[in-house]
Engineer: 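Before anything else, here's the structure in question.
We're numbering straight along the sequence, starting at 1.
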Amino acid sequence: MIVIHHNPDCGTSRNVLNVIQQAGYDPVIIDYQQQGWTKPQLLGLFAAAELTPKTALRVTKSPAKELGLLEDNVSDEQILAAMLQYPILVNRPIVCSPKGVKLCRPSESVLDLLDQWPAGPFSKEDGELIIDSHNQRVG
């Protein structure tokens with residue numbers, strides 16, 4: 001089973017979902033902006049993906065700076081509390097598969113979590129090739 005914590009407004013998240021689906025998987029899609037996060041859920045995902053709240057913090061196109069979360073003296077506990085209040089602060093997409101849990105940025109990093117890939121050639125929505133015509137990863 002594949003689970004993606006997804007933001008449909010994010011190009012990277014859309015690319016990752018497309019790779020998963022084109023590879024033949026029917027993932028569980030969690031729109032975390034609609035559903036929000038729980039503290040145990042975030043702690044579990046971060047531990048499995050070897051992230052901390054600080055390394056999982058989305059700093060662009062989020063209120064992180066306005067909330068003062070980019071200062072050196074901000075604790076992981078403060079960042080985690082803000083993430084629960086403002087789900088957009090969690091960088092995405094986070095994908096869970098039998099091969100592990102990963103923050104999939106850049107989007108082609110999701111290939112590390114999949115046993116099967118989309119047939120090549122395969123490109124991201126911006127046209128960047130990520131799987132060539134010989135079904136080999138590009139880059």
Side-chain angles (χ1 to χ4, degrees):
M1 175 187 298
I2 308 273
V3 177
I4 178 172
H5 297 272
H6 177 60
N7 177 353
D9 295 329
C10 171
T12 301
S13 199
R14 288 192 306 270
N15 281 320
V16 168
L17 179 59
N18 189 40
V19 168
I20 294 167
Q21 291 173 328
Q22 294 302 313
Y25 296 96
D26 184 19
V28 174
I29 302 168
I30 298 173
D31 185 337
Y32 65 88
Q33 294 214 93
Q34 295 291 327
Q35 297 183 13
W37 300 104
T38 66
K39 188 174 181 178
Q41 178 187 36
L42 282 179
L43 291 173
L45 287 171
F46 293 168
E50 297 181 356
L51 296 168
T52 65
K54 194 166 281 188
T55 59
L57 179 65
R58 180 161 179 87
V59 296
T60 60
K61 300 178 186 172
S62 85
K65 184 174 183 171
E66 293 78 8
L67 293 170
L69 299 175
L70 304 182
E71 303 299 321
D72 291 336
N73 63 344
V74 177
S75 71
D76 279 349
E77 205 48 53
Q78 289 170 297
I79 294 171
L80 193 59
M83 288 172 163
L84 296 175
Q85 189 173 357
Y86 303 98
I88 192 73
L89 289 170
V90 178
N91 216 340
R92 74 278 183 160
I94 298 174
V95 177
C96 308
S97 87
K99 293 178 102 175
V101 177
K102 187 173 193 152
L103 171 60
C104 292
R105 297 189 82 81
S107 52
E108 55 271 24
S109 66
V110 72
L111 297 173
D112 298 335
L113 297 177
L114 304 177
D115 285 325
Q116 59 195 41
W117 294 356
F122 188 85
S123 299
K124 298 192 283 190
E125 65 182 38
D126 68 0
E128 181 185 347
L129 189 67
I130 62 172
I131 300 173
D132 68 20
S133 59
H134 302 290
N135 288 324
Q136 298 297 309
R137 188 176 185 161
V138 176

Engineer: Looking only at heavy atoms, which two atoms of L69 and A82 are closest? And how far apart?
Structural biologist: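 Looks like CD1-CB, 3.7 Å.
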Engineer: Looking only at atom types and distance, does a side-chain atom of D132 sit under 3.5 Å from a main-chain N or O of P121, one as donor and one as acceptor?
Structural biologist: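 Checked: no pair found.
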Engineer: Tracing side-chain links under 4.5 Å among I, L, V, M, F, W and Y, which residues wind up in one group with L129?
Structural biologist: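 Besides L129, the hydrophobic cluster comprises V138, listed by chain and residue number.
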Engineer: Are E108 and R137 close enough, and set up right, to give a salt bridge (Lys or Arg N to Asp or Glu O under 4.0 Å), and what steps lead you there?
Structural biologist: CA-CA 9 Å; E108 55 271 24; R137 188 176 185 161; over 6 Å; no
Engineer: Under 4.5 Å between any side-chain heavy atoms of S123 and I130, yes or no?
Structural biologist: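 Sidechains of I130 and S123: no contact.
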Engineer: Using atom types as modelled and distance alone, determine if a side-chain donor or acceptor of W117 lies under 3.5 Å from a backbone N or O of L111.
Structural biologist: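 Indeed, once roles are kept as given, a pair shorter than 3.5 Å links the two residues.
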Engineer: Between V95 and L113, what is the shortest heavy-atom contact and its length?
Structural biologist: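 Heavy atoms only, the tightest pair is O-CD1, 3.6 Å.
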Engineer: Tell me the closest heavy-atom pair linking F46 and T52, and the distance in Å.
Structural biologist: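 In terms of heavy atoms, the two residues are closest at CD1-C, 4.2 Å.
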Engineer: Any salt bridge linking E71 with K65? Criterion: basic side-chain nitrogen under 4.0 Å from a carboxylate oxygen.
Structural biologist: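 Salt bridge absent between E71 and K65.
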Engineer: Tell me the closest heavy-atom pair linking S109 and L103, and the distance in Å.
Structural biologist: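 Residues S109 and L103, closest heavy atoms: OG-O, 4.2 Å.
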Engineer: To the nearest 0.5 Å, tell me how far I29 CD1 sits from L17 CG.
Structural biologist: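 Here the rounded value is 4.5 Å.
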Engineer: Linking directly or through intermediates, with side-chain heavy atoms under 4.5 Å: list the remaining ILVMFWY members grouped with V28, chain and number order.
Structural biologist: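 Listed partners: M1, V3, I30.
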Engineer: Could you tell me the separation between the CG atom of L84 and the OG1 atom of T38, rounded to the nearest 0.5 Å?
Structural biologist: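 Rounded to the nearest 0.5 Å, the CG-OG1 separation comes out at 7.5 Å.
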Engineer: Is a side-chain donor or acceptor of S62 paired with a backbone partner of R58 at a separation under 3.5 angstrom?
Structural biologist: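 Judged by distance alone, yes, a pair lies under 3.5 Å.
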Engineer: Work out which heavy atom in I2 is nearest to a heavy atom in S97; give both atom names and the distance.
Structural biologist: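 That would be CD1-CB, 3.5 Å.
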Engineer: Checking the side chain of N15 only, and the main-chain atoms of E125 only, is there a donor and an acceptor separated by less than 3.5 Å?
Structural biologist: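 Such a contact is found between N15 side chain and E125 backbone.
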Engineer: Do any N or O atoms from the side chain of Q78 and from the backbone of S75 form a donor-acceptor pair under 3.5 angstrom?
Structural biologist: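 Yes.
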Engineer: Using atom types as modelled and distance alone, determine if a side-chain donor or acceptor of Y25 lies under 3.5 Å from a backbone N or O of Q116.
Structural biologist: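 Between the backbone of Q116 and the side chain of Y25 there is a qualifying donor-acceptor contact (under 3.5 Å).
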Engineer: Ignoring hydrogens, what is the shortest heavy-atom contact between I4 and S13? Give both atom names and the distance.
Structural biologist: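 Scanning both residues completely, I find the closest heavy atoms to be CD1-O, 4.1 Å.
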Engineer: Going by salt bridge (charged side-chain N to carboxylate O under 4.0 Å, His left out), name the pairs with one or both residues in residues 92-107, residues two or more places apart or in two chains.
Structural biologist: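 The answer is K99-D115, K102-D112.
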Engineer: Please tell me if the side chains of P118 and V19 come closer than 4.5 Å, counting only heavy atoms from C-beta onward.
Structural biologist: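 Yes, at least one pair of side-chain atoms sits under 4.5 Å.
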